Amino acid sequence: MSNVFTNKARAAAAILIVLLGVMMVPRILKKGDHQVPAELLGAWTTDAPRYADRGFTITPTTLMLQQGNGAEAVYPIRTLRTRASVAGIRYDIEYGDRDVPGTFSLESGNDATLRFANQKELEWYRKR
């Protein structure tokens with residue numbers, strides 16, 4: 001009888017270890033997926049008159065959004081995911097915290113410009 005109990009305990013421990021390992025994989029990948037590529041770093045602006053006092057800055061750890069009239073908001077970057085898109089590469093930046101979460105989706109092509117995934121007609125370029 002003690003052999004049966006020992007085998008069941010071993011099986012339960014093995015299952016528990018596997019489950020804990022599976023639960024940790026997304027956290028490990030999420031941390032590794034936070035690296036901001038050099039092509040996104042910097043201050044970005046557009047020539048569109050409607051956005052003359054707006055822009056954004058991406059650092060390795062933060063996303064700063066210019067909100068007009070000199071106001072700006074700075075958010076921590078939580079994760080960054082990249083994937084192929086029709087234009088080239090799509091970047092989905094999750095920023096903020098639990099109280100103010102957001103997603104900033106950009107696409108880049110072969111040139112040195114970015115476009116919002118939902119506003120492809122506007123070109124954003126790095127400030128000189």
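Count residues from 1 along the sequence. This is a predicted model, so every value here is computed, not measured. What you see below is based on every heavy atom in this structure, not just the backbone, and it leaves out hydrogens, waters and symmetry mates.
For the atom pair CH2 (W44) and OG1 (T113), the distance works out to 7.5 Å, reported to the nearest 0.5 Å. For the atom pair CZ of R78 and CG of L80, the computed distance is 12.5 Å after rounding to the nearest 0.5 Å. Atom OG1 of T46 sits about 5.5 Å away from atom CH2 of W124, to the nearest 0.5 Å. One distance of note links CZ of R90 with OG1 of T82; it measures 11.5 Å at 0.5 Å rounding. Taken from CG in L114 to OH in Y91, the straight-line distance is 7.5 Å, to the nearest 0.5 Å.
Ion pairing of R83 with D92 is present here, as a side-chain N (NZ or NE/NH1/NH2) and a carboxylate O approach within less than 4.0 Å. In summary, E94 and R81 engage in a salt bridge, as defined by a charged side-chain N under 4.0 Å from a carboxylate O.
Counting only heavy atoms from C-beta outward, the side chains of Y75 and T62 never approach each other to under 4.5 Å. Residues N118 and S105 fail the side-chain proximity criterion, which asks for heavy atoms closer than 4.5 Å.
Atom CG of N69 sits in a sparse spot, with 12 or fewer heavy atoms from other residues, nucleotides or ligands closer than 6.0 Å.
The other residues sharing a hydrophobic cluster with V74 are M64, where clustering joins ILVMFWY side chains under 4.5 Å apart.
Linking Ile, Leu, Val, Met, Phe, Trp and Tyr residues whenever their side-chain heavy atoms come within less than 4.5 Å places V100 and I93 in a single cluster.
When each of T59, T61, V36 is tested with I77 by the rule side chain to side chain contact (heavy atoms under 4.5 Å, CB included), just one qualifies, namely V36.
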Dump the intermediate steps for side chain to side chain donor-acceptor pair (under 3.5 Å) on D47 and Y125, then the final yes or no.
CA-CA 9 Å; D47 290 331; Y125 56 89; 2.5 Å; yes

Could you walk me through whether K120 and E107 pass the side-chain contact (heavy atoms from CB on, under 4.5 Å) test, one step at a time?
CA-CA 8 Å; K120 296 183 184 189; E107 292 187 354; 3.5 Å; yes

Using the rule given for side-chain contact (heavy atoms from CB on, under 4.5 Å), can you reason through Y95 versus T103, listing the C-alpha separation, both sets of side-chain angles and the distance that settles it, and then say yes or no?
CA-CA 6 Å; Y95 64 91; T103 302; 5.6 Å; no

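Nearest heavy atoms, G68 versus D53: CA-OD2, 3.3 Å. Shown here for L122 and A48, the closest heavy-atom pair between the two residues is CD2-CB, 3.3 Å. Looking at every heavy atom in both residues, R54 comes nearest to Q66 through C-OE1, 3.4 Å. Across all non-hydrogen atoms, the minimal contact from L40 to R126 is C-NH1, 4.3 Å.
Checked against the 6.0 Å centroid criterion, the rings of F56 and F116 qualify as a close aromatic pair.
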